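Read the structure below first, then the notes.
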Amino acid sequence: MSSPSKDPLAPARPNWMSNPRVRALIFQALVLAAVFALLGYIFHNTVSNLEQRGITTGFGFLDREAGFGIIQSLIPYTPASTYGRTFLVGLVNTLLVSALGIVLATLLGLIIGIARLSKNWLIARLAAIYIETFRNIPLLLQVLFWYFAVLQALPSPRQSLSIGEWAFLNIRGVYLPEPVPGQGFGWVVLALAIAVALVIWLRRWAHRRQLRTGQPFHTIYVSAGLLLGLPAVVFLFLGMPLTWSLPSLHGFNFTGGITMIPELTALLVALTIYTASSIAEIVRSGILAVSHGQTEAAYSLGLNPGNTTRLVVLPQALRVIVPPLTSQYLNLVKNSSLATAIGYPDLVNVFAGTTLNQTGQAVVIIGMTMGVYLTLSLLISLFMNWYNQRVALIER
Amino acid sequence: AGAAHAGATFDAVKKKGYVQCGVSTGLPGFSNADDKGQWKGMDVDVCRAVAAAMFGDASKVRYTPLTAKERFTALQSGEIDILSRNTTWTLTRDTSLGINFAGVNYYDGQGFMVKKSLGVKSAKDLNGATVCVQAGTTTELNLADYFRSQHMQFKPVTFDTSDATVKAFDAGRCDVLTSDQSQLYALRILLANPAGAEVLPEIISKEPLGPSVRQGDDEWFNLVKWSLFAMLDAENLGITSKNVDTLKTDSKNPSIQRFLGVNGGMGKLMGVSDEWAYDIVKQVGNYSESFDRNVGKDSPLKIRRGLNALWNEGGIQYAPPIR
Amino acid sequence: MTEAPTLTERAAGNADLMIEIVGMHKWYGEFHVLKDINLSVRKGERIVVCGPSGSGKSTMIRCINRLEEHQRGRILVEGVELTEDVKKIELIRKEVGMVFQHFNLFPHLSVLDNCCLAPIWVRKMPRKLAEEQAMKYLERVQIANQAHKFPGQLSGGQQQRVAIARSLCMNPKIMLFDEPTSALDPEMIKEVLEVMTGLAEDGMTMVCVTHEMGFAKQVADRVIFMDAGQIVEENEPTEFFNNPRNERTRLFLSQILQH
Amino acid sequence: MTEAPTLTERAAGNADLMIEIVGMHKWYGEFHVLKDINLSVRKGERIVVCGPSGSGKSTMIRCINRLEEHQRGRILVEGVELTEDVKKIELIRKEVGMVFQHFNLFPHLSVLDNCCLAPIWVRKMPRKLAEEQAMKYLERVQIANQAHKFPGQLSGGQQQRVAIARSLCMNPKIMLFDEPTSALDPEMIKEVLEVMTGLAEDGMTMVCVTHEMGFAKQVADRVIFMDAGQIVEENEPTEFFNNPRNERTRLFLSQILQH
Amino acid sequence: MKEYQPHPDLPPPVSQVGVLGWFRRNLFSSPLNSLLTVVALYLLYLSVPPVIEWAFIKASWVGSDRSACTAGGACWVFIEARFGQFIYGFYPPDQWWRVNLGALLLVAALIWLMLPRLPAKRWVGVFVLLIYPFLAFALFHGGVAGLPVVRTTQWGGLMLTLILSSVGIVAALPFGILLALGRRSKMPIVRALCVAFIELWRGVPLITVLFMASVMLPLFMPEGADVDKLMRALIGIALFQSAYIAEVVRGGLQAIPRGQQEAAESLGLNYWKLMALVILPQALKLVIPGLVTTFIELFKDTTLVSIIGLFDLLGIVQSAFTDPKWLGFALEGFVFAGALYWLFCFGMSRYSMHLERRFDTGHKR
Ligand SMILES: Nc1ncnc2c1ncn2[C@@H]1O[C@H](COP(=O)(O)OP(=O)(O)OP(=O)(O)O)[C@@H](O)[C@H]1O
Ligand SMILES: Nc1ncnc2c1ncn2[C@@H]1O[C@H](COP(=O)(O)OP(=O)(O)OP(=O)(O)O)[C@@H](O)[C@H]1O
Ligand SMILES: [Mg+2]
Ligand SMILES: [Mg+2]
């Protein structure tokens, strides 16, 4: 009666047709087959279309000479560089604007979020207006607005706004002096590194001492002294081996110094302002999620407002804040691709734009571009998850 | 050899009943949409001529506005049947992009435009200048080549659309605007103060602009090629949209008769009606009509014919004969 | 007008006054919550405050460590007057412990860390010492074996005992309790009340808002009855329960003792 | 080992067996929840299962309609063996109704729709017929006048009665109850027990996990006592309550009857 | 013993109430707050009057061309002249009534859905989701019932923005639901595929998706297949959006107690029936606020189609800047478009907050 199996008491197995495990396997095999078929179909179409139209594929083009200029590059680049190089230039520019954006948006968002909760009615109102205005207008519109309506109203280089002979602001960008290290400047850097190490050690020591004796040791002044003093002494001793390259008007443009082009400025300003409005809301709800009783309990223990925020409110608020903050960071990185609308040379603009157009390698280039963004997203998610686990897991 | 065997694009176009034409997103005189959404310009006329030849109706065109970056992918992918968007004919484009240029509807060369207030008289004075240029064009490459060969420095500011480029130039974001000379004239009228800008005399490149099609369909290639030639030949033969009807009935000139399909069966050889050239001239006009209307003396651009005059009038526009 | 001095007045005559409230008024917006409150508490006194809901009991004891601000009159704690002066407020809060109805433990810190937080950051105590002391008080509320758990893992009664230990760790001179047992189940109430009774027996100065009349009878030196923002009656517990002078007090007691 | 055949064995001799569980074992991961369960239920029998919390009562009856999967032994319902076979599972679920502790009514559907859902979609009954039948059963649990309300608007006892009616609408041959009254207030318990008693009197085959000993005494044909995943004792109710054979049963009964 | 006398209610000290009290509490409660107030007021004084002067006092409102704009402020005449185009794109003016009619129909249906009291919500919902899109397409595109054809290339402006976002979300909904179910499935391969799909789309910028859809889609298709450009943008948007919707729906599914599924199973319902009849109706209702938020995000994101050459509201406003007759009014254009977007987004976000509150207070029908 029972099917021959090792365990006589095992429940009978249905025939494979109605066995849900088998069914699940078959179903999954079918789904997988369908997905592969679809991918294969697309792949086949693409290959045959490419072939028929005589478009070459592969990564060979990356070694060819690009032949066009890029206005901003943090790594050496000339029109004689390769297309592969343009990829790197774009990538670095994307990373630059994303990193700056994340830092600035977090700071601004934190400030606005706290201002939103201020007891000062006017400040709270202004913060609310800020939030509601900027997060309800499309980012692209804001990017265009800052670039075409605001920054392009700045004066020409000849009529630059300036701070002495040091800093200039005009439609071509912000110009700041650039430090040029001279002979032996390495020693100053070394001194600074030593000072940093000393400060870290000092803080550890002060912490230990506080744990041991309860005596706090205010490291601020000593730290500041170390950080400024040590390098300064070495610097003076070596005869000030540092010159400044000042921006100055030569011919058409300012040369020398550090330049921040208006495309970067506009993109950064828009990304920061837009993302900060979301971050502010996140910060606010995070802080509100910590009940009022917590603050009261901390106050009645004698903690001052600063310590209450630092030791009681923030650690609890952070757990609420970090996950949505992560997705805001991801959004910011993806949104940095709007650079293409105003000509900031990011990855999409330089590589998926100009390079794609010069070479016609749509499939490879779009694939590489998407791959970069996917990787970035993944890395940020991983990092933030790790961080979140650190702040979240303390509870249990 | 009877009716030619038609290729895939030719058939597909015939079947769907209109020509899908890739144009620019807005370049006065070559292709831009007026306030009623009608597309106008020399590049647009090429497409209309093809439609006239194919269907006897120049309005059977649909337009896809493309940025410079998108244009080749759009043609390769089959999104458009013909790319008529001030595109320069080069060797790499013919070979590695899998496309064929069907001819030249405008001989151009890259030039520079500056504000008069800058006081620059020659491109050689542009060392260190900031240059506005449209992304993904040969212009961008020529620019780099030119400055390299002159041992000069420059900063490129690139935009997707010519509109953004002009706006940036107007605002003073850059000292120089570089593009094909024809475009410079076209773009100049978009400046707040057109008289305040001038085009420098140097021409740093050859820019033969023309329509292109995908490789692999010679019939379609032929049709586009000869639609363009027909406009030139019409000018050569003195056929205009005004006199074409009278010439058709009255003219005894065998060339004209062949051209207008009165005899010769030229259309059949290409797989279209024999009246194909008649339809082009009647509905689109000959080359000089198109030129004058869009960029020449009857337009705000006021570009002189120059290189684009027929070969026997001092230019280099020359079309093979229809016979 | 009055013949005999009130208990508060008698207390005020005493030298070691811990809390002194004189003619204190408080408004919430237009609403007059506390009206002419006068109260003195001597060192080691144990005071129970009762009264109907909304009568201002919580508000009054929250004024004592300035979780609420009063608008008129004076509050002195150990002779220091409570004003807007931040330094003084912090000084007083160090000396006054408070236990809330909903415990308000810090959920992100272990029981031990809850108890060490204030000693370390306010009293600048070395961590080791702070932990030792915390363990002492946790021992006292009989919860030392849970020291490394987190508040979320404890029952309500256990949490409230931790809250008491946390306050004790600051070695306060005065303890305020705001209905410490009203959020608890009956069994848990018992364990918390036992801890409080122990505290009272050790001579801690306590002001306690509660409806636990058993507790009041057993440990209170004085019972204060509030209604509509005023102190209606204050008396020794036996007198208070057996022989309430005021009619409202009688009504209130008859209701509460029915349970 | 035993001299006389157990009640289950006697029941098994009977022809019209509704449920038959033989040597059934179940594990949750490493944890052996059910150990060698043997149980037979005849048609019309009413069985009460009791035992301490965590003894596996819920798990056992959830195995009967395969909300949980068993790993060893056999379960036969109306002679059909429960295996992985989806068709058979659906077949059996049609015939076995189940009532949960937390009612699990569908909050987005009216009471009537709750009752019609399965007849329409599983039994393919025309809506009109389904509604008529639903009204009949709602009538029977005395809640017909609430038919157009939503579950959220009913009291717990009413909800549980709707849950019973919902099961009845499938005309099940067997009803399983998993502590149907333990989430209810005392007054509501009564109304639900009345409905269940009525059902029992009509001859429904029932397996009921409950701690309501009154109910067990009144309607059960057999009481089954489980502990630590095993059936420790089974007996007729009078015997079970007056003369428990096993010591654990005695302990359990002494605890439960104290309340 | 002092006799107890009820103390009369006194008015609070003046510092506590009235205008003065309000000021003290809300603006000058501490030195720092006072400083902040003064600084904020000064900044407002610097920024607000010039804006008002530009936008209202010195603005020009009537006229027919740029010569009307001489007052030195904003030139709203420009917006007025182009208004029709901003709303309808290149849609022929004599056919605008078709768009208006379609919009009116939708608004009526939506209001019906929003007002809690009206009956037959299910059928209106079905109409909006299943019938209306086709009806609207027939109406807008024409070619049936004697309506002249208006090709999609002529659609534009606000109309296109609304079409893109609403079709995007409606098309993405079913797919998003399937993905959410797949992500919670017990079958590892199905789950892995869904996770991969969702994370892929969530990880890349919409602009690359649009770019791919607009120029590469034909490469993926068999030769000769021709898809409308608008359609291609929509496919890109729908794929992209479905990943976001999947995550929203998953949140709703997780919120349904397990007992619901068990009860349905024990009644004999199989997987698809119990999902369709019991779980999804509850889960979807829960996630309506989340869906509205997603819709707002999409509404803002549709501006990116202007980068691939579709003339949505932002695109058409920008293209108007190149009109030689109206050069130099970019600011007005941006302000107008910004205000319009703001109105829509702000309105919808308020509505979604209202919904959230309604569901929060244990809303039950
Ligand atoms: N922040 C506030 N704003 C306005 N009114 C308040 C505030 N807090 C309390 N009240 C009001 O003040 C009155 C006294 O409140 P309080 O909490 O002191 O009463 P209580 O005697 O502690 O009552 P309970 O026994 O309910 O805790 C009540 O009428 C209350 O509504
Ligand atoms: N899904 C599960 N995974 C692991 N263990 C489980 C699971 N469900 C129940 N258990 C464990 O199985 C044992 C039996 O659980 P069951 O719910 O059947 O007990 P019960 O007799 O119904 O108890 P109660 O009277 O509390 O309902 C318990 O120890 C429980 O912790
Ligand atoms: Mg209170
Ligand atoms: Mg159970």
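Just so you know, these numbers come straight off a predicted model, no measurement behind them.
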Pair up each side-chain donor or acceptor in residues 21-39 of chain A with any protein partner under 3.5 Å, not counting sequence neighbours, and list the distances.
unit_1, atom_1, unit_2, atom_2, d
A:Arg21, NE, D:Glu84, OE2, 2.5
A:Arg21, NH2, D:Glu69, OE2, 3.0
A:Arg21, NH2, D:Glu84, OE2, 2.2
A:Arg23, NE, A:Met17, O, 3.1
A:Gln28, OE1, E:Ile189, N, 2.7

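Only the side chain of A:Ser118 comes within less than 4.5 Å of a heavy atom of chain E; its backbone N, CA, C and O stay farther away. Using a 4.5 Å cut-off between heavy atoms, A:Thr369 contacts chain E through its side chain alone, with no backbone atom that close. Within the 4.5 angstrom heavy-atom criterion, only side-chain atoms of A:Ile123, from C-beta onward, approach chain E. Contacts between A:Phe134 and chain E at a heavy-atom distance below 4.5 Å are absent for every atom of the residue. Interface residue A:Leu126: only side-chain heavy atoms are found under 4.5 Å from chain E. Both the backbone and the side chain of A:Val363 come within less than 4.5 Å of a heavy atom in chain E. In this structure, the portion of A:Ser377 lying under 4.5 Å from any heavy atom of chain E is its side chain and not its backbone. Looking at A:Ala352, the atoms closer than 4.5 Å to chain E (heavy atoms on both sides) all sit in the backbone: N, CA, C or O. Using a 4.5 Å cut-off between heavy atoms, A:Ser327 does not touch chain E at all.
For E:Phe295, there are no ring pair (Phe, Tyr, Trp, His ring centres under 6.0 Å) partners at least two apart in sequence or on another chain.
Among the candidates E:Glu199, E:Lys186, E:Arg202, the residue making the largest number of heavy-atom pairs closer than 4.5 Å to chain A is E:Arg202. Ranked by heavy-atom pairs under 4.5 Å with chain A, the list E:Pro205, E:Ala337, E:Cys345, E:Ala339 is led by E:Pro205.
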